[in-house]
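Take a look at the structure below.
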Number of protein chains: 2
Amino acid sequence: MLNVTASNDRPHTLCQYCFFREPGCSKLCGKTSSDMHQLKKKETLFYEGDRFKGLIQILNGTIKVTKYLDDGRRFIVGFYHRGDVIWLTTDGRYSYTAEAITDIKYTVFSLDWLSHDPHSLDAVVASRFLSFMCGDLEVSHDHMMLLARKSSIERLSSFLLQHAERMKTLDRGMVLLPMSRGDMADHLGMTTETVCRTLKKMKQLRVINIDHVKIIRFLNIDALQSFAEGRDELLPAV
Amino acid sequence: MLNVTASNDRPHTLCQYCFFREPGCSKLCGKTSSDMHQLKKKETLFYEGDRFKGLIQILNGTIKVTKYLDDGRRFIVGFYHRGDVIWLTTDGRYSYTAEAITDIKYTVFSLDWLSHDPHSLDAVVASRFLSFMCGDLEVSHDHMMLLARKSSIERLSSFLLQHAERMKTLDRGMVLLPMSRGDMADHLGMTTETVCRTLKKMKQLRVINIDHVKIIRFLNIDALQSFAEGRDELLPAV
DNA sequence: CGTGCCTTTGAAAGAGCTCAATCCTGGTGG
DNA sequence: CCACCAGGATTGAGCTCTTTCAAAGGCACG
């Protein structure tokens with residue numbers, strides 16, 4: 001059996017109780033281990049329509065945040081791992097559903113100081129939020145480019161590289177994929193079947209290896225990066 | 001001849017010199033007409049790689065903000081009209097190109113107070129920024145859902161409704177489309193040809209009318225909204 | 001060691017894309 | 001005021017990448 005969450009339990013290099021992702025920032029966040037919550041795999045953090053609980057930071061494990069269309073079509077806004085912060089509401093209610101992909105631990109920051117009285121917002125904290133959100137916005141724009149213009153192999157290459165970058169949990173080019181093929185598909189605007197076939201094709205091209213359903217290994221990062229950036233010169237001619 | 005920009009010159013209901021989009025906020029923004037710049041149609045505000053000039057607010061006209069892939073594939077992040085603010089950089093350089101679609105007027109806010117010294121950031125201003133960006137992020141998520149999962153008629157319905165909402169410039173359900181078909185395509189992840197064909201189909205379904213290449217009129221808003229939300233029950237069976 | 005869910009594979013169909021030609025329209029110059 | 005031009009818009013035909021539908025395979029978990 002493969003224990004997928006185990007490898008996430010390595011020592012933390014960031015402050016593990018706050019959203020600043022920096023070592024030793026306890027004076028800013030004031031968080032301790034007693035603020036920690038947990039959920040089991042497949043349990044739900046919040047549903048669309050739920051009241052905003054506050055700012056959520058994932059301490060351990062992975063969650064997915066999903067939007068639905070009436071007829072069931074889904075889009076996964078993103079996957080959130082250790083250290084990531086979920087900040088997804090303008091009007092006090094979530095328009096997303098968040099579900100644990102693995103067992104998770106998380107912290108909630110209530111946002112009294114960010115309510116309707118802007119004077120209560122500390123400038124330092126606000127500045128941090130701004131750069132967080134600015135980064136998120138840039139990520140969103142890149143992802144829109146991916147969805148609007150990239151082919152399936154380009155999408156998966158981009159995704160794998162970006163995911164590996166965020167999930168530095170395994171060694172020697174090995175990357176853990178805690179989410180299902182269907183989840184990847186819903187994040188990348190594809191179908192489960194196309195994700196499978198494209199991964200297979202990448203394996204045949206010797207760009208990656210599929211060591212296990214949930215563990216892929218990079219064999220040719222340069223090629224991956226070429227694909228991710230839309231240069232497909234290594235693809236066999238049709 | 002059709003003067004496309006004329007209809008944008010109606011009296012402003014918002015503060016026209018600042019990014020707060022509120023009437024009479026001069027004490028916050030400190031802007032006057034002397035801060036105004038202009039550009040002609042097709043001229044460029046900034047190129048990818050340009051140094052961040054500051055926060056740009058469009059006072060009049062429309063611009064498009066574009067991202068490019070190496071091989072020329074394009075994605076238009078968004079169209080910005082009167083009152084909109086462009087805030088697109090994390091590292092001091094633009095990773096986008098901004099081009100005027102019509103003649104435009106705009107203001108630049110230099111961001112000395114948002115530099116590396118977070119204490120110089122006024123909490124009120126920061127709070128405003130936060131809600132702006134939060135809104136942008138939500139718009140981005142909706143757009144990703146559109147790109148990932150919606151059909152061409154659903155994309156165009158969503159776009160037309162959203163665009164009309166932001167461009168309340170014409171009466172009786174008429175909407176001005178300052179951008180070309182190709183621009184719409186690059187925003188919606190389609191091709192010029194598919195945009196044309198889909199608009200034609202919507203016209204045949206009597207959901208819209210194309211009064212002029214750049215002016216469409218809503219004939220059945222309910223149907224449009226159904227399409228936009230992914231309910232295609234009005235579509236003729238195949 | 002069975003069961004159910006997820007993954008993989010196959011075959012056929014289709015939505016949207018590509019390439020190419022033609023049509024408009026607004027702007028230009030006479 | 002009119003003819004002409006260039007660039008965008010439209011239309012057509014064929015094609016391709018993905019999707020859809022269906023079935024089989026494999027693995028984790030009880």
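Each chain gets a letter, A, B and so on, in the order the sequences are listed, and its residues count up from 1.
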To the nearest Å, how far apart are B:Ile215 CD1 and D:dA9 P?
14 Å

Any residue meeting salt bridge (charged side-chain N to carboxylate O under 4.0 Å, His left out) with B:Lys150, in chain and number order, not counting sequence neighbours:
none

Check the pair A:Arg74 / A:Asp183 against salt bridge (Lys or Arg N to Asp or Glu O under 4.0 Å), numbers first and verdict last.
CA-CA 9 Å; A:Arg74 303 191 306 167; A:Asp183 286 342; 3.8 Å; yes

May I ask you to evaluate whether A:His212 reaches the phosphate of C:dC6, defined as a side-chain N or O under 4.0 Å from OP1 or OP2?
no

C:dT8 OP1/OP2 closer than 4.0 Å to side-chain N/O of A:Lys200:
no

Who pairs with B:Glu138 by salt bridge (charged side-chain N to carboxylate O under 4.0 Å, His left out), at least two apart in sequence or on another chain?
none

What are the two closest heavy atoms between A:Ser140 and B:Met144, and how far apart are they?
OG-CE, 3.7 Å

Taking only residues two or more places apart in sequence, or in another chain, which ones meet A:Asp71 in a salt bridge (charged side-chain N to carboxylate O under 4.0 Å, His left out)?
A:Arg73

Just to be sure I understand the geometry, which residues of residues 150-158 of chain B put a non-hydrogen atom under 4.0 Å away from DNA chain D?
none

What is the distance, to the nearest angstrom, from the NZ atom on A:Lys201 to the P atom on C:dT8?
16 Å

To the nearest Å, give me how far apart CD1 (A:Ile216) and C1' (C:dT7) are.
16 Å

In Å and rounded to the nearest 0.5 Å, what is the NZ to CZ distance from A:Lys105 to A:Arg82?
11.5 Å

For B:Asp211, which residues count as a side-chain hydrogen bond (donor to acceptor under 3.5 Å, both in side chains) partner, sequence neighbours excluded?
B:Asn209, B:Arg217

Using heavy-atom distances to pick each residue's nearest nucleotide on DNA chain C, tell me which of A:Arg149 and A:Met179 is more 5'.
A:Met179

Using whole Å, what does the distance between atom P of nucleotide D:dG26 and atom CD1 of A:Ile210 come to?
14 Å

Here the distance between atom P of D:dG7 and atom CZ of B:Arg181, to the nearest Å, is 19 Å

Measure CG/B:Asp183 against P/D:dG7 and give the value in whole Å, please.
16 Å

Check the orientation of B:Phe52 and B:Tyr94. Use parallel for under 30°, tilted for 30 to 60°, and perpendicular for over 60°.
perpendicular

Between the side chain of B:His143 and the main-chain N/O of B:His187, is any donor-acceptor distance below 3.5 Å?
yes

Does any residue of residues 185-199 of chain A have a heavy atom under 4.0 Å from DNA chain C, and if so, which ones, in number order?
A:Thr192, A:Glu193, A:Cys196, A:Arg197

Is any side-chain nitrogen or oxygen of A:Lys42 closer than 4.0 Å to OP1 or OP2 of C:dC5?
no

